[in-house]
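What you are looking at is a predicted structure, and each value in this text was computed from that prediction instead of being measured. Values below: every heavy atom of this structure, side chains too, minus hydrogens, waters and symmetry copies.
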Amino acid sequence: MIHAKIKEAIQTYSEELTQLRRKLHSEPELSWEEFKTTQFVCEYLDDLGISYRKTEPTGVIAEIQGGKPGNTVALRGDMDALQVEELNKDLPYASTAEGKMHACGHDAHTAMLLIAAKALNDIKEELPGNVRLLFQPAEEVAEGAKALVKQGAMEGVDNVFGIHIWSQMPTNKVSCTPGPSFASADLFKVTFKGRGGHGAMPHACIDAAVVASSFVMNVQTVVSRTIDAQHPAVLTIGKMVVGTRFNVIAENAVIEGTVRCFHPETRDHIETQLKHYADQVAAIYGATAKVEYIHGTRAVLNDEYSAKLVQKVAAESFGDDVVYNEKPTMGGEDFSEYLDHAPGSFALVGSGNSEKDTEWAHHHGKFNIDEDALATGAELYAQYAWAYLNKES
C-alpha cells in the first residue's frame with residue numbers, strides 16, 4: 001500500500017517544505033484576500049507542470065492526471081489566516097502583516113499539500129486515476145468550501161481527504177476515527193425590545209437589560225435539560241450589547257452566540273428552543289424578541305472506510321504507535337461541504353511539543369507548530385491518495 005518513492009521524495013523535499021511553510025506564515029492573508037497566496041500556489045504548480053485553474057475570487061483547483069485510468073481522489077488544504085496579532089515576535093518568520101497571523105495552521109496545510117503534489121507528480125505515470133488538489137480560501141468564515149464546490153471542485157470526485165494540524169496532540173500522531181470529527185457550527189442573534197426611560201423610574205419601563213440577563217441565565221437549560229445527554233452540544237453566548245447610559249433604562253438588548261453539536265436532530269431542536277425561550281422570557285416582562293438563526297457548517301462525519309484507510313496508511317507509513325484516538329471537537333470545519341458530494345475523511349496530525357512551545361491553542365497569538373509534523377502531514381496526503389487509488393474494488 002505504501003509507495004517507497006513517495007516516502008523518499010517527502011524526505012528529500014523536507015527542507016523545502018519547511019521553507020514553504022515559513023514563507024506562507026510570514027505573509028498571512030485573511031479570508032477572501034488570499035490573492036498573493038493564490039498566485040504563489042499557481043507559480044509553484046507551474047514549475048511542476050501541474051494543470052490548474054484559479055477560482056473566484058481566490059483559491060486554486062488543480063489536478064494530477066495519472067498515467068492509468070481510475071478514480072479521482074481530492075486532497076484539500078486551506079490557505080486563509082486570522083485577524084490575530086502574532087505574539088511570537090522573535091521568530092525569524094513571524095507575520096509581517098500587522099494584526100494578521102496564521103494562528104490555525106493553514107500555512108502548514110498549504111505547504112504540505114504543495115509538497116504532497118510534488119511527490120505525487122513524480123510518480124504520476126504510476127497513478128491509476130487522478131488526484132484533485134483543492135487549495136481552499138476562506139475556511140475561517142465557513143464560506144470557502146461552498147464556493148469551491150459551486151465552481152466544480154467535486155465534479156467527478158470519488159473520495160475526498162483533508163488534514164488539520166492539531167496543537168492539542170503530540171507531534172506526528174495521526175487521528176482519524178469513523179463518525180463525528182468536527183461539530184456543526186451555527187450563529188444566532190437575539191434582539192429584545194422593551195421600553196426605555198429614566199433609571200429612577202423603572203416602574204414606567206420594560207428593562208431590556210433584565211430581559212436579556214434572564215435569557216442568558218435560562219437558555220443553558222436547553223442543553224442541560226432538553227437534550228439527550230448522549231448527544232453532546234454547546235450553546236455559548238459570546239456577545240451582549242445593552243443600554244446607552246448609566247441612568248437610562250435600556251430599551252434594546254442584542255445577544256449573539258454560537259451553537260455546536262454533532263447530530264442534525266439536536267441542531268434543529270436547539271434552533272426551535274432558542275426561539276421558544278426568547279419569546280417566553282420576553283413575554284414574562286412584556287417585551288418582544290426577534291431571533292435570527294444562521295446555519296454555518298455542518299458536522300464533519302468521517303466515512304468508515306476512508307477513516308480506517310487513513311489509520312492503515314498512517315500505521316504502515318510511520319508505525320502503529322502513531323495512530324491516535326483524539327476525541328471529536330466542538331470546533332467547526334467547512335470540510336463538511338465536500339462530504340456532501342463524496343465520501344471521505346478529515347484527519348488530525350499532531351504538532352504539540354512542550355519543548356518547542358507549540359501546545360498553544362489554535363487562534364491564540366502564541367500559536368505555532370512543531371515543524372517536524374510537516375513531513376508527516378505531507379506524506380499522509382500523498383500516501384492516502386496512492387492507497388485510495390489502488391484500493392481493491
Notebook entry, point to check: When the ring planes of Y293 and H295 are compared, do they come out parallel, tilted or perpendicular, using 30° and 60° as the limits?
Noted result: perpendicular
Note to self: Can you classify the ring geometry of F367 versus H362 as parallel (below 30°), tilted (30 to 60°) or perpendicular (above 60°)?
What the structure shows: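 Rings of F367 and H362: tilted, 30 to 60°.
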Margin query: I need the full list of salt bridge (Lys or Arg N to Asp or Glu O under 4.0 Å) pairs touching residues 41-61, with sequence neighbours left out, sorted by first then second residue.
Written below: none
Are a donor atom and an acceptor atom from the side chains of [X] and [Y] found within less than 3.5 Å of each other?
| X | Y | answer |
| --- | --- | --- |
| Q136 | H106 | no |
| N302 | S345 | no |
| H25 | S95 | no |
| Y93 | N368 | yes |

Next item on the list: List the steps and the verdict of side-chain contact (heavy atoms from CB on, under 4.5 Å) for E265 and H231.
Entry: CA-CA 10 Å; E265 62 272 22; H231 291 182; 3.6 Å; yes
Next item on the list: Any chance you could lay out the ring-ring contact (aromatic ring centres under 6.0 Å, His included) test for W386 and F161, step after step, and finish with the verdict?
Entry: CA-CA 12 Å; W386 172 256; F161 176 56; over 10 Å; no
Next item on the list: Output all residues satisfying salt bridge (charged side-chain N to carboxylate O under 4.0 Å, His left out) with E359, sequence neighbours left out; order by chain, then residue number.
Entry: none
Check: For E316, what residues pass the salt bridge (charged side-chain N to carboxylate O under 4.0 Å, His left out) criterion, not counting sequence neighbours?
Finding: none
Note to self: Using the ring pair (Phe, Tyr, Trp, His ring centres under 6.0 Å) criterion, which residues pair with H276? Sequence neighbours excluded.
What the structure shows: none
Checklist line | Set of residues satisfying ring pair (Phe, Tyr, Trp, His ring centres under 6.0 Å) with respect to H363, sequence neighbours excluded | finding: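 For H363 there are no ring pair (Phe, Tyr, Trp, His ring centres under 6.0 Å) partners, ignoring immediate neighbours.
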In residues 234-248, what donor-acceptor pairs under 3.5 Å come from side-chain atoms, sequence neighbours left out?
| unit_1 | atom_1 | unit_2 | atom_2 | d |
| --- | --- | --- | --- | --- |
| R245 | NH1 | N247 | OD1 | 2.6 |

Next item on the list: Mind running ring-ring contact (aromatic ring centres under 6.0 Å, His included) on F215 and Y277 for me, showing each step along the way?
Entry: CA-CA 7 Å; F215 175 79; Y277 272 57; 7.4 Å; no
